[in-house]
Amino acid sequence: MNANSLIILDFETTGLSPNNGDRAIEIGAVKLENGVVTERFQELMNPGRPVSYFIEDYTGITNEMLSDAAPCHEVMARFADFIQGQNLVAHNASFDKRFLDSELKRISSNYDGQFGCSLLVSRRLYQTAPNHKLGTLINYKGIASKGSFHRALYDAEMTAKLWLAMLDDIQQQTNVDEVPFSLVQKLAKTTKANVAKLFANYVVS
DNA sequence: TGCCAGGCCCTCTTTAGGGCCTT
């Protein structure tokens, strides 16, 4: 596993649940190396059936756009190569993990990284934020945005910026030189009340 | 057949219910 790099990813899908037959329609991702975006991945994919008007409206991805796209299995095979050997991050990772697992299982593929969740971290770190939607947190942190959320690569880019902002905030509260992925994972699992205690254990005197 | 997400997290909790977040 590469300790200095990370993939931040986001799926657009036909709905909320692969267990109910929902499929991925777009994957967007950026690779962060030492805090800098060094690679990008973005592809639409044809799920083999029409998407609802709600999804067309929500994402701006139309059935016409998907009719020209490569099928899911082709795109996901390329994406599986892209994420090889990398830890992964998503906003509400349990959602994206379900679709990643489901789509890769269909092509008998796999990945070896751990998932980090920017939503869970933000709930510990930004307890006074109005809410913990991606768009709200981007505004809350004063990160510049075009406001055009709900496309995969754009949301992945914004999640990456949020992730870097959170690493900065963790660093300032702990005085560590570099925030290890393992510390962020511990933060996501600790209770809100124990955040200060967790950070105190990392203070360099 | 009929149902239709699911994991996290709070609280009027743990023998449960409901809001948040993702599409």
Starting from P on B:dG7, measure out to CZ on A:F99 and report it in whole angstrom. 13 Å

At under 4.0 Å between heavy atoms, what does A:T14 touch on the DNA or RNA strands: base, sugar-phosphate, or nothing? nothing

Are A:K97 and A:Y111 side-chain neighbours, meaning at least one heavy-atom pair lies under 4.5 Å? yes

So A:F54, base contact, sugar-phosphate only, or nothing? Heavy-atom distance under 4.0 Å. base

Do you see a donor-acceptor pair shorter than 3.5 Å between the side chains of A:Q86 and A:S5? yes

Pairwise N/O distances under 3.5 Å, protein to nucleotides 2-6 of chain B:
residue, atom, partner, partner atom, Å
B:dC4, O2, A:N20, OD1, 3.3
B:dA5, O4', A:S17, OG, 3.4
B:dG6, OP1, A:N19, ND2, 2.7

For the residue pair A:Q185 / A:Q114, report whether a side-chain donor-acceptor contact shorter than 3.5 Å exists. no

A:N194 has an atom CG; how far is it from atom C1' of B:dC10, in whole Å? 16 Å

Side chain of A:R124 - closest among B:dC21, B:dT22, B:dC9: B:dC9

A:N194 and A:T191: side-chain hydrogen bond (donor to acceptor under 3.5 Å, both in side chains), yes or no, with the steps? CA-CA 5 Å; A:N194 282 336; A:T191 62; 3.1 Å; yes

Going by an N to O cut-off under 4.0 Å, is there a salt bridge joining A:K141 and A:D169? yes

Taking side-chain hydrogen bond (donor to acceptor under 3.5 Å, both in side chains) as the cut-off, I'd like each qualifying pair that reaches into residues 45-56 of chain A, sequence neighbours left out, listed once. A:T14-A:R49, A:E56-A:N63

Between A:T190 and A:L187, is there a donor-acceptor pair closer than 3.5 Å when you use the side chain of the first and the backbone of the second? no

So A:F79 and A:F11, would you call those rings parallel, tilted or perpendicular, with 30° and 60° as cut-offs? perpendicular

Whole-Å distance, A:K189 NZ to B:dG7 P, equals 15 Å

Hey, does A:L134 reach any base, or is it just sugar-phosphate, or nothing, if we go heavy atoms under 4.0 Å? sugar-phosphate

Between B:dC3 and B:dC20 - P atom distance, rounded Å: 26 Å

Under 4.0 angstrom, heavy atoms only, what part of the nucleic acid is A:D155 near: base, sugar-phosphate, or nothing? sugar-phosphate

Return the 5'-most residue of the pair A:T13, A:K192 with respect to DNA chain B, ranking by each residue's nearest nucleotide. A:K192

Extract from the structure each pairing of a protein N or O with an N or O of nucleotides 17-20 of chain B at less than 3.5 Å, listing the distance.
none

Distance below 4.0 Å between A:H91 side-chain N/O and B:dC21 OP1 or OP2: no

Given A:L153, A:D96, A:D155, the one that forms side-chain contact (heavy atoms from CB on, under 4.5 Å) with A:L9: A:D96

When all nucleic acid strands are considered with a 4.0 Å heavy-atom cut-off, which category describes A:D22: base, sugar-phosphate, or nothing? nothing

